[in-house]
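As structure tokens, the structure follows; a few thoughts come after it.
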Amino acid sequence: MEATGHPEMTEPASEIEREVEDLIGKWAGNPSKTIMAMLAVQEKYNWLPQEALEYISIRLGVPKGQIYHIATFYKVFSLVQRGKHILQLCTGTGCYILGSALLAKTLDKRHGIPWNGTSDDGLFTLESVNCIGACSMGPVLVVDGEYHANVTHDRVDALVKRLRKRANKEENNGEA
Amino acid sequence: MEKLRSIEQFKLFQDKCRREFEEYPLVISVCQGASCRAAGSEEVANVFEKLTTGSSDIRFIKSGCQGFCEYGPLSVVRPANIFYHMVKPGDVTDIMRSTKEEDEVVDRLLYTHPGTGEKLGREHEIEFYSKQHRIVLALNGYVDPLRIDDYLAHGGYSALAKALQVMEPGHIIEEMIEANLRGRGGAGYPAGWKWKSCKEAPGDRRHIICNADEGDPGAFMDQAVLEGNPHSVIEGMLIGAYAIGGTNGYIYIRHEYPQAVKTFSAALDKARELGLLGDNILGTDFSFDIDMTFGAGSFVCGESSALMRSLDGQVGEPRDKFTHATEKGFHDEPTTLNNVETWANVPHIINKGAKWFRGIGTEGSPGTKVFSLVGKVNNTGLIEVPMGTSLREIVYDIGGGIKKDGKFKAVQTGGPSGGMLPESKLNLPVDFDALTDAGSMMGSGGMIVMDEHTCVVDVAKYFIDFLIDESCGKCLPCREGLRQMSKILHRICDGQGKLKDINDLEELAETVAATALCGLGKSAPNPVLSSIKYFRDEYTAHIVEHKCPGGVCQSLISYHIVPDLCNGCGECEEACASLAIHSVRRQKRKEGLLREIDQTLCDKCGACVQICKENAVEKRSPAVAPAGAA
Ligand SMILES: Cc1cc2nc3c(=O)[nH]c(=O)nc-3n(C[C@H](O)[C@H](O)[C@H](O)COP(=O)(O)O)c2cc1C
Ligand code: SF4
Ligand code: SF4
Ligand code: FES
Ligand code: FES
């Protein structure tokens, strides 16, 4: 389906549409803000749910095909659900020559968190990020937006163990 | 805050800011740049904040990157310039106490000269700083980027006021041409000429863009300016807009810099509140504002024509260069696009004049350049040096030489578009033309130092693979040529290469460089060509001896535990996620049984090397084949 011609007259109909409206309503009818709208949605949900993209398409007046083209062209976007915790290993040049990429092996083999993938329990997604500007403290691991400096196999291991333990506890307390 | 409605009002307000700032006898700053934050400087700042709120003698400042990132978190006490490094939250009370006493310093937090062992208490005594010339970074560490008053107190927006009050737009452009400020984003095109052709192009609207995509995957110069002194960029853009007749302003920031986004956005708000952005700026007929857009993780979008598409909410594919952006750029209208550091230089040139600017740097490349100096040097961080400074001065004097007394192998300038330069090129000056002649590139300021434990073939492979990922895929040479090159490089790193591969690589590289559409493809071969040119023997070592001289390429190395060094602690066994380490029967050591690595199980992750306190794990190249395999 192509975008309808009346982005301004669209009304949010579902819960998710209402949430997305709050984020992108200010850009109604302005296709040049498509990437900004998609970034806002991804920031909220950690990925791009289809329903949200359809709403952006109508509200901003951008063909759906173009939205999917953008979603695959730009690296940050994810069309599949990501884990609860996002691990980003810096593979910028500074961190890379300090051996950052090797750390992924421990995450994969010991914790079942594959490179560019999500662990089976849905807790962790591991991705690479290009230089976040903390090269002097490399290798750098970003965990849910928080920077961890000078990480080693050992420290990565401890970090994931800690997060997993906390998650198990929460689950036992029924908080999921 | 009240809007400032005239230049006179502005000057009065600026004086007030200056007086208020000077009322504090002491200023303490804590760096909040990315490295310092990663090292815990936010916690340090929190403690300072608690202890200084309401103080009338101490102004506390959370600053942008102060440069010496290696030793973060940093804190500097001014006016004495006492430099504290690796500060922890628990150190704050001691700093506060000795700051209030005259002539007292916290000895344990001072930087020690690695050669002489002398404690150096003042910022300017440290070679890392004393050899720099800071213009763009001058206020990093002196101002709170979230307070426009601080910038004004240090003379901020004076250049704009001067431009509006006493300079005709044409006069500004002449001054810029005379200064010969060359674009700091990589290509080095003179900003003044760009401005002139944009001004002269027909059209009702003119777009002014700041390129803050900073795509080089190992560099953070622009981040430091955006986070440390955002108003200098805004002021530069305002002056440019006034000179060119710019009507619409944009900044394109990569979203991977959330702190820069936050700081810059706050700076824009403050500038609007004061009437420095918006309609009738300082009561004149000049109106201009800046809209912020985020990059979404695409290197090619740093290329100017791709950026303009992305700015419009589209996929960022470059277009051919036959159309000049200055005439037909954003929305096919006249557009001036400059890099963050380029814009940040502008207020200084307007304040002090083209002649002053040309007095710094070299004839062909005046001014300074900011570099992010990282990798295997002792003093990593952000530096600003006059153009013409030699690579040797940067690596050895400012950078303090190679980490762990290692041996220098190469320095990469220009990121993925640049080249690797060997020891014999260390006397080269940093200058747009000199670096290009040597097969590298100035680029935007990334500088990666490599030591003997780095593999140049591996780094070349890394860059090519990065560029394959980032190529928009529109043109065949870039898409297919890079893929072919990557295949060959992988083959060599896997020990499957043939000598002919080196020549094939060179040929492919030259074809891609000659036929790709945009700068990404055109410059992509540089890391490969330069590493072959200067380190051909490393390529042949991989191919003929199956040896990786840097000890990096996984197929060509193996890990071994040296029986004489192992103390049997078993930490490596615990650290090994591949369960490749086991104890050797009857071989007692101080802490337990000797350990051994099963080569068939080893995944070559290096965890055992990191954990072993006895340095008993060694790497060998060529790899020793697993027992039983032939
Ligand atoms: C693939 C590619 C990536 C680029 N990335 C950047 C970048 O991240 N930042 C930047 O300022 N310039 C980048 N450039 C250079 C821009 O195209 C442009 O030359 C520059 O921003 C112009 O500003 P300047 O003249 O002030 O340097 C890139 C160029 C290419 C070909
Ligand atoms: S050289 Fe590469 S990135 Fe540039 S336009 Fe061609 S395919 Fe795209
Ligand atoms: S290199 Fe990694 S996989 Fe190999 S023995 Fe050491 S820890 Fe185990
Ligand atoms: S390369 Fe990792 S933070 Fe810069
Ligand atoms: S981040 Fe603090 S000095 Fe660079």
Side-chain angles (χ1 to χ4, degrees), chain A residues 27 30-40 42-43 60 62 66 69-70 72-77 88 90-99 101-111 129-138 140 142 145-150 152-154 156-157, chain B residues 33-35 37-40 65 69-70 72 214-220 223-224 255-258 260 293-299 301 310-316 372 374-376 380-381 412 415-416 446 448 450 454 459 462-463 466 469-470 472 575 577-578 603-607 610-611:
Chain A
W27 295 313
N30 187 352
S32 74
K33 294 293 181 187
T34 308
I35 298 170
M36 295 294 275
M38 290 167 70
L39 279 168
Q42 168 137 327
E43 188 169 309
L60 267 61
V62 195
Q66 187 174 344
H69 192 186
I70 290 172
T72 46
F73 180 88
Y74 291 97
K75 277 239 283 293
V76 290
F77 294 125
Q88 292 170 307
C90 178
T91 48
T93 326
C95 289
Y96 178 80
I97 70 167
L98 299 174
L102 293 175
L103 299 172
K105 294 192 176 198
T106 287
L107 289 170
D108 185 7
K109 284 221 160 159
R110 179 159 290 169
H111 297 286
V129 67
N130 285 329
C131 192
I132 50 143
C135 323
S136 294
M137 296 288 164
V140 177
V142 186
E146 198 176 300
Y147 298 172
H148 294 262
N150 301 316
T152 55
H153 286 277
D154 205 27
V156 167
D157 189 42
Chain B
S35 281
R37 268 184 289 133
C65 173
C69 313
E70 178 81 33
E214 189 140 82
D216 177 347
F220 55 101
Q223 181 192 43
H255 97 294
E256 290 95 326
Y257 287 169
T293 293
F294 305 145
S298 160
F299 175 69
C301 285
S310 184
L311 199 56
D312 205 21
Q314 297 176 34
V315 162
S372 75
V374 303
K376 308 286 185 77
T380 59
Q412 168 98 10
I448 314 267
M450 304 173 210
T454 319
V459 173
Y462 163 87
F463 281 126
F466 169 80
D469 251 13
E470 298 294 340
C472 77
S578 302
D603 196 25
K604 304 181 182 179
C605 72
Q610 279 181 357
I611 204 94

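Quick note: numbers below take in every heavy atom, side chains included, and nothing from hydrogens, waters or symmetry partners. Lettering of chains follows the sequences in order, A, B, ..., and the numbering in each one begins at 1.
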With a 4.5 angstrom heavy-atom cut-off, could you sort out which part of S578(B) is near chain A: side chain, backbone, both or neither?
-> both
Hey, which of G215(B), A260(B), A296(B), A39(B) has the most heavy atom pairs under 4.5 Å with chain A?
-> A296(B)
Nearest 0.5 Å, what's the CZ-OG distance between F73(A) and S310(B)?
-> 7.5 Å
Measuring from K75(A):NZ to E470(B):CD, what's the distance to the nearest 0.5 Å?
-> 3.5 Å
In terms of heavy-atom proximity below 4.5 Å to chain B, should L39(A) be classed as side chain, backbone, both, or neither?
-> side chain
Who among D108(A), T93(A), V76(A), N130(A) has the most heavy-atom pairs with chain B under 4.5 Å?
-> T93(A)
Under 3.5 Å donor-acceptor, Q223(B) side chain and I132(A) backbone | yes
Taking the side chain from Y147(A) and the backbone from A34(B), do they hold a donor-acceptor pair closer than 3.5 Å?
-> no
Where on F466(B) is there a heavy atom nearer than 4.5 Å to chain A: the side chain, the backbone, both, or neither?
-> side chain
Hey, does I97(A) have a side-chain heavy atom less than 4.5 Å from the side chain of V459(B)?
-> yes
Taking side chain as C-beta onward, heavy atoms only, is P217(B) less than 4.5 Å from Y96(A)?
-> no
Could you give the distance from CD (Q610(B)) to CG (D154(A)), rounded to the nearest 0.5 Å?
-> 8.0 Å
F294(B) versus chain A, the contacting section by heavy-atom distance below 4.5 Å | both
Indicate the atoms forming the closest heavy-atom contact of K604(B) with K105(A), along with that distance.
-> O-NZ, 3.8 Å
Please confirm whether the backbone N or O of G295(B) pairs with a side-chain atom of Y74(A), one donor and one acceptor, at under 3.5 Å?
-> no
Measuring from K33(A):NZ to L311(B):CG, what's the distance to the nearest 0.5 Å?
-> 7.5 Å
Which portion of A607(B) sits near chain A, non-hydrogen atoms under 4.5 angstrom = both
Which value, rounded to the nearest 0.5 Å, describes the distance between C301(B) atom SG and I35(A) atom CD1?
-> 7.0 Å
Which atom of G381(B) lies closest to which atom of S136(A), heavy atoms considered = N-OG, 3.7 Å
Pair count under 4.5 Å, heavy atoms only, with chain B: among Q42(A), H111(A), M36(A), highest is M36(A)
Residue from H153(A), M137(A), H69(A), E43(A) scoring the most non-hydrogen pairs under 4.5 Å with chain B is H153(A)
When only pairs under 4.5 Å are counted, which of G446(B), S298(B), P258(B), G313(B) shares the most heavy-atom pairs with chain A?
-> G313(B)
In terms of heavy-atom pairs under 4.5 Å, which option from G145(A), A37(A), G133(A) contacts chain B the most?
-> G133(A)
Does any heavy atom of chain A fall under 4.5 Å from the side chain of S372(B), the backbone, both, or neither of them?
-> neither
Which bit of V140(A) comes within less than 4.5 Å of chain B, counting heavy atoms only: side chain, backbone, both or neither?
-> neither
For the residue pair A577(B) and K109(A), what are the closest heavy atoms and their distance?
-> CB-CB, 3.8 Å
Shortest non-hydrogen contact from G92(A) toward Y462(B) = C-OH, 3.1 Å
For the residue pair Q66(A) and Q314(B), what are the closest heavy atoms and their distance?
-> NE2-CG, 3.7 Å
Locate the shortest heavy-atom distance separating A219(B) from C131(A); write the atom from each residue and the value.
-> N-SG, 3.5 Å
Go through R37(B), H255(B), M450(B) and name the one with the most non-hydrogen pairs under 4.5 angstrom from chain A.
-> H255(B)
Comparing T293(B), D216(B), T454(B) against chain A, the one with the most heavy-atom pairs below 4.5 Å turns out to be T293(B)
Given D469(B), D603(B), I611(B), the one with more heavy-atom pairs under 4.5 angstrom with chain A than any other is D603(B)
